[in-house]
Amino acid sequence: MSKDTSVLLDEKRLFKPDYHLVEEAHIKNWEAELEKGKDIEKYWEEKAHQFEWFKKWDKVLDESKKPFYQWFVNGKINLCYNAVDRWINTDKRNQVAILYTNERGEEIKLTYYELYREVNKMASALKNLGIKKGDTVSMYLPMCPELLISMLGCTRIGALHSVVYSGLSVGGLVERINDSKAKVLLTADGTYRRGKIIDLKKIADEALLQCPTIETVVLVRHTGNPIKISELSGREILYTTLLEGENELCPVEEMDAEDPLFILYTSGSTGKPKGVLHTTGGYMVGVATTLQNVFDIHNGDLWWCTGDIGWITGHSYLIYGPLLLGTTTLVYEGAPDYPDPGAWWKIVEKYGVTKLYTAPTAIRHLMRYGNKYPQLYDLSSLKILGSVGEPINPEAWMWFYKNVGKEKIPIMDTWWQTETGMHMIAPLPVSPLKPGSPTRALPGIEMDVVDEKGQRVPPGKGGYLVIKKPWPAMLRTLYKEEERYEDTYWKQIPGGVYMAGDMARIDEDGYIWIQGRSDDVLKIAGHRIGTSEVESAFVSHPLVVEAAVIGKSDPIKGQVIKSFLILKEGHKLNTALIEDLQKHVRYEMGPVAVLGEMVQVNKLPKTRSGKIMRRILRAQEEGKDLGDTSTLED
Ligand code: PRX
């Protein structure tokens, strides 16, 4: 695979939808739907009527305090009510809502009614712990039903959840808990990963030494990893004990459409992670509508999003989107190639998955094992495939299309971000596809590619990807950092547009091609990692004085980290130190930070004001022209 996006310039293949799909699709005419979406307020208002509101909105969109936009002004609604309660008086009452399975082949099924009971218990229990509307609950849990139940329990009572990806480690957990001032942390005795159990409780215990706001720790017994109950400290309680005797139904909190729903941290180019804040009404409308439009959800679908709940993909399209549409969502805990590289295909066959939404890095990983494994299983239940997280290279697209989709079913390449909350650029199942392009902005969304002055660039030319009109599931701010919100997204390009941080180009058919990040954010296996976070992890090691890191292309992960290190006087970067540094960074950041080559240097390229010019390191690495070096200090 080549990460060089110039190969995409030559990509001319066009894949038209199969006529069966067009016959079945809710939306049969892409162009007509795009046309309808041009009246943004009308489009989203129509979609908002699918939910039960306690009170409808007075105004669809309020732009008076831009970029602090408001959607469905004065509308009153509850997400949990619409995702769970709404279904229990319908014929979906006994339909499976959550189908959990793991690499050991264990399985838990919860119907909508059972989910309703569990969520009520959890919500009451949280209230008994003193959690009120507006409080934050942190969750450091594996992909397990308790995580979904707890998130819904929060939204039921108006508490915000802040889920921390279980692949992050002590440093990341501390930072996220402290920034969100969470009072309760939910964690577990472990998570399964390739036959091993990763002890999350141990990591949480270390983190909690530095987290003064946490009053209660709720422990999920998930793997049976031995933890003696007698060893639980005064503020620790087992999940099962917490819920014991909770039989009362817990009333749903009437939320304003603009009340905060959750915080989810993501990496930026500088400083600490950004707490992306999403609110209630617009998020629901945006997420449910895009899932419906892009994946054409029908009764009887079995939806499988392989993304982790700890990232936005899991929030929007593993939990909230599918439940808001009343479909069945499959939750899988484990790796794609364990116990063998047929693990995923076995699940598709066993349960009859109809829609599969995954990431390029997983596809590239599975591609390595050749065509054999998908052929061993019956994949005929699949109707639509999807991809998210980074550009999907045409080779991976073709492999997925041929071997999994059997050249019959389309791949929905969806471009979006933690901040956008919902799909922004994506095809509909009836759209003609070009491998490697997420096609065009969705109906109801206006995007463009512009130069630094905000002027549209001509077709074929690269520029900054921007969003020109507000959209319902947009972030409302960065948690307690309103200025940073304005500066990062809205003040970079003139014209009051949202700058996504990606470079892109538009071809002569209006298809958008994403070229990668324009900032110092890395994409490792689809995970977003800030270079500055990795650098601070390095310099917290006693022998590292200064560090600069850049992303280097990797055939499977997309990118891995190349590090340039200045060490303390008299120290050499030998094998032992490299190993120690690897352990150290992993301890701080978790396995998400995949370290490649490390080199020792005496000096780093800096601006006169002392900022590291990673651009220079990248250019040097790729053997390219160094570009403008006038601000270089030396
Ligand atoms: O660079 C884009 C890339 O992922 C970034 C957003 O990362 P994150 O907030 O972690 O959310 C990932 C899951 C929604 C974007 O700025 N990205 C995401 N999807 C695509 C993509 N790049 C190309 N094609 C995509 N389909």
Side-chain angles (χ1 to χ4, degrees), residues 3 5 8 11 163 165 167-168 172 263-269 273-278 286-287 290-291 294 305-318 320-321 357-364 385-394 396-397 400 411-427 433-442 447 449 462 464-467 471 473-475 478 488-489 492 498-505 511-530 533 551 557-559 592:
K3 270 295 281 185
T5 41
L8 297 178
E11 185 53 62
V163 180
Y165 174 52
L168 292 181
I263 310 171
L264 184 59
Y265 287 87
T266 187
S267 297
S269 23
K274 305 187 277 198
V276 169
L277 185 81
H278 282 287
V287 163
T290 46
L291 180 60
V294 178
C305 163
T306 69
D308 197 282
I309 301 174
W311 305 110
I312 193 69
T313 308
H315 281 56
S316 297
Y317 297 111
L318 193 151
Y320 290 134
Y357 186 33
T358 187
T361 185
I363 299 168
R364 291 195 298 264
L385 302 172
S387 169
V388 59
E390 57 179 309
I392 176 164
N393 48 306
W397 198 99
F400 200 32
I411 301 172
M412 304 292 105
D413 178 4
T414 59
W415 179 94
W416 59 295
Q417 309 179 297
T418 308
E419 292 88 340
T420 69
M422 65 187 221
H423 301 147
M424 300 298 281
I425 310 173
L433 304 173
K434 300 185 188 186
S437 164
T439 76
R440 293 155 71 173
L442 279 167
M447 299 191 57
V449 176
Y464 297 96
L465 184 66
V466 296
I467 309 173
W471 65 101
M474 63 195 296
L475 79 164
L478 293 176
T488 313
Y489 304 108
Q492 302 291 329
Y498 170 97
M499 190 183 83
D502 280 24
M503 301 301 287
R505 69 180 173 85
Y511 280 47
I512 302 173
W513 298 81
I514 308 293
Q515 299 172 316
R517 298 286 308 186
S518 62
D519 54 13
D520 284 324
V521 169
L522 310 176
K523 269 278 167 176
I524 299 178
H527 299 150
R528 191 162 145 181
I529 294 178
E533 289 164 66
K557 305 266 181 201
Q559 286 186 310
V592 287

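Atoms within each ligand, like the ligands themselves, are counted from 1 in listed order.
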Option among Ile514, Val521, Val449 that satisfies the side chain to side chain contact (heavy atoms under 4.5 Å, CB included) test with Asp502:
Ile514
Please find the pair of heavy atoms, one from Val276 and one from Thr418, that lie closest to each other, and give the distance.
CG1-O, 3.8 Å
Grab the two heavy atoms, one from Val294 and one from Ala426, that are nearest each other, plus how far apart they are.
CG2-CB, 4.1 Å
Minimum-distance pair of heavy atoms, taken over all atoms of Gly421 and Ser316
O-OG, 2.7 Å
Go through the structure and list residues passing salt bridge (Lys or Arg N to Asp or Glu O under 4.0 Å) with Glu533, not counting sequence neighbours.
none
Between Tyr357 and Thr313, do the side chains contain a donor N or O and an acceptor N or O under 3.5 Å apart?
no
Can you name the residues that come within less than 4.0 Å of ligand 1, going by heavy atoms only?
Ile312, Thr313, Val388, Gly389, Glu390, Pro391, Asp413, Thr414, Trp415, Trp416, Gln417, Thr418, Asp502, Ile514, Arg517, Lys523, Arg528
